[in-house]
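Have a look at the structure below before the remarks.
Here the structure is a predicted model, which is why all the values come from computation and not from measurement. The figures here come from the full heavy-atom set of this structure, side chains too, leaving out hydrogens, waters and symmetry mates. Counting starts at 1 for both ligands and their atoms, following the listed order.
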Amino acid sequence: MVKKKIAVFISGRGSNLKSLINHSKKKNSLFKIDLVISNNFNVKGLKIANKSKIKNYYVKYSNKRIFENRVLKLLNKNKIDLICLAGFMKILSKKFIKKFSSPIINIHPSLLPKYKGLNTHMKAIKNKDKYSGATVHIVNDKLDSGKIIIQEKVRILKSDNEKTLKKKVLKIEHKIYSKAIIKLLTNY
Ligand code: GAR
């Protein structure tokens, strides 16, 4: 079986990257993490990639067009089948999405369509929501808006604060991201 080649885009810590790497190392995994791209220099996620001997690049984000052109070259050179955004805090242009003809997916720490953008945990707590959660979705040209692949929720307790909720949601993120990739690759 030929494994699908994934590029993971990050901006920082890389805990979702780490969980995808762990999954990719399992016997019979359908995918391999072939490439890691970060718009930030010297972040923990790049160190995780180095440790796992995965090709990784810091691509300076001087502006969107230059960044995206450099990244597209790397993607084409490495024949990437799927891009996974994992804590990548930049918005990709319509042009980029069109030029990269394979799917691009993203993980977001809320029950989309609720709370697109930043500070999702704070918003859920402020609104006294009963549940929060995480969503993996297809990336389109609108922020956090493409078709949902998988979503899983978690109860918000009265005792929860932003920090505890964030931790609970992150745990779900690590659980659902690889599931979503498999779902996408196998069309079930
Ligand atoms: C994750 O919670 C991810 O859902 C979020 O950033 C964090 C990155 O953590 N992404 C977004 O908010 C994107 N809109 P990680 O670097 O440890 O994977």
Side-chain angles (χ1 to χ4, degrees), residues 6-25 31 33 35-52 54 56-59 61 64 67-68 71 82-94 96-97 103-127 129 131-154 156 160-181 183-184:
I6 292 182
V8 181
F9 288 18
I10 58 164
S11 296
R13 180 179 54 183
S15 73
N16 276 291
L17 166 66
K18 178 92 181 86
S19 93
L20 291 181
I21 293 172
N22 288 344
H23 195 282
S24 73
K25 283 181 180 162
F31 61 86
I33 309 300
L35 186 66
V36 173
I37 289 172
S38 171
N39 65 306
N40 285 324
F41 182 62
N42 217 1
V43 291
K44 201 169 162 201
L46 287 176
K47 292 182 186 126
I48 292 171
N50 265 332
K51 221 174 157 189
S52 295
I54 296 169
N56 61 89
Y57 298 88
Y58 154 61
V59 181
Y61 199 96
K64 202 185 280 289
F67 174 84
E68 289 185 347
V71 169
L82 171 69
I83 297 174
C84 293
L85 308 183
F88 179 67
M89 302 314 245
K90 295 283 181 194
I91 297 169
L92 296 168
S93 71
K94 207 172 177 169
F96 179 92
I97 296 167
I104 307 175
I105 64 177
N106 179 43
I107 187 144
H108 184 74
S110 81
L111 294 173
L112 290 173
K114 263 191 160 178
Y115 313 134
K116 295 171 183 171
L118 299 174
N119 303 317
T120 56
H121 309 299
M122 197 184 71
K123 288 173 189 164
I125 288 175
K126 261 195 175 159
N127 283 340
D129 289 353
Y131 292 94
S132 183
T135 307
V136 179
H137 66 93
I138 302 276
V139 171
N140 64 15
D141 59 326
K142 290 191 194 83
L143 180 68
D144 301 326
S145 296
K147 185 174 176 245
I148 290 172
I149 305 168
I150 282 188
Q151 187 164 71
E152 194 172 309
K153 57 185 182 178
V154 65
I156 304 178
D160 270 324
N161 55 40
E162 208 182 331
K163 201 174 154 196
T164 58
L165 182 59
K166 193 173 179 176
K167 205 170 158 190
K168 285 203 278 195
V169 171
L170 193 63
K171 213 168 159 190
I172 287 186
E173 292 184 38
H174 296 163
K175 191 173 139 200
I176 66 170
Y177 212 170
S178 51
K179 273 192 189 170
I181 293 171
K183 190 170 169 185
L184 185 78

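Judged by the 6.0 Å distance and 45° axis criteria, K90 is not positioned over the aromatic ring of F67.
Atom NZ of K64 sits in a crowded spot, with more than 12 heavy atoms from other residues, nucleotides or ligands closer than 6.0 Å.
When only non-hydrogen protein atoms are considered, atom 9 (O) of ligand 1 lies nearest to R13 NH2, 3.0 Å. Looking from atom 5 (C) of ligand 1 to the surrounding protein, the closest heavy atom is P109 CD, 3.9 Å. Scanning the protein heavy atoms around atom 14 (N) of ligand 1, the nearest turns out to be H108 ND1, 3.4 Å. Here the heavy atom of the protein found nearest to atom 1 (C) of ligand 1 is E173 OE1, 3.1 Å.
In summary, of the residues considered (T120, D144, D129), a side-chain hydrogen bond (donor to acceptor under 3.5 Å, both in side chains) with Y115 occurs for D129 alone.
Interatomic distance, K116 NZ to K123 NZ, rounded to the nearest 0.5 Å: 11.0 Å.
Where the criterion is an N or O separation shorter than 3.5 Å, residue side chain and backbone included, D144 fails it with respect to ligand 1. Ligand 1 has a nitrogen or oxygen under 3.5 angstrom from a nitrogen or oxygen of G14.
Proximity of N39 to V59: side-chain heavy atoms (C-beta onward) are nowhere separated by under 4.5 Å.
No side-chain donor from either of S145 and N140 sits under 3.5 Å from a side-chain acceptor of the other.
Residue contacts with ligand 1 do not include I10, since none of its heavy atoms lies under 4.0 Å from the ligand.
Using a 4.0 Å cut-off to heavy atoms of M89, the atoms of ligand 1 that qualify are 11 (C), 12 (O), 13 (C).
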Any chance you could lay out the ring pair (Phe, Tyr, Trp, His ring centres under 6.0 Å) test for F31 and H23, step after step, and finish with the verdict? CA-CA 9 Å; F31 61 86; H23 195 282; 5.5 Å; yes
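The residue K166 has no part lying near ligand 1, judged by heavy-atom distances below 4.0 Å.
With atom 15 (P) of ligand 1 as the reference point, the heavy atom nearest to it among G87, S15, G12 is part of S15.
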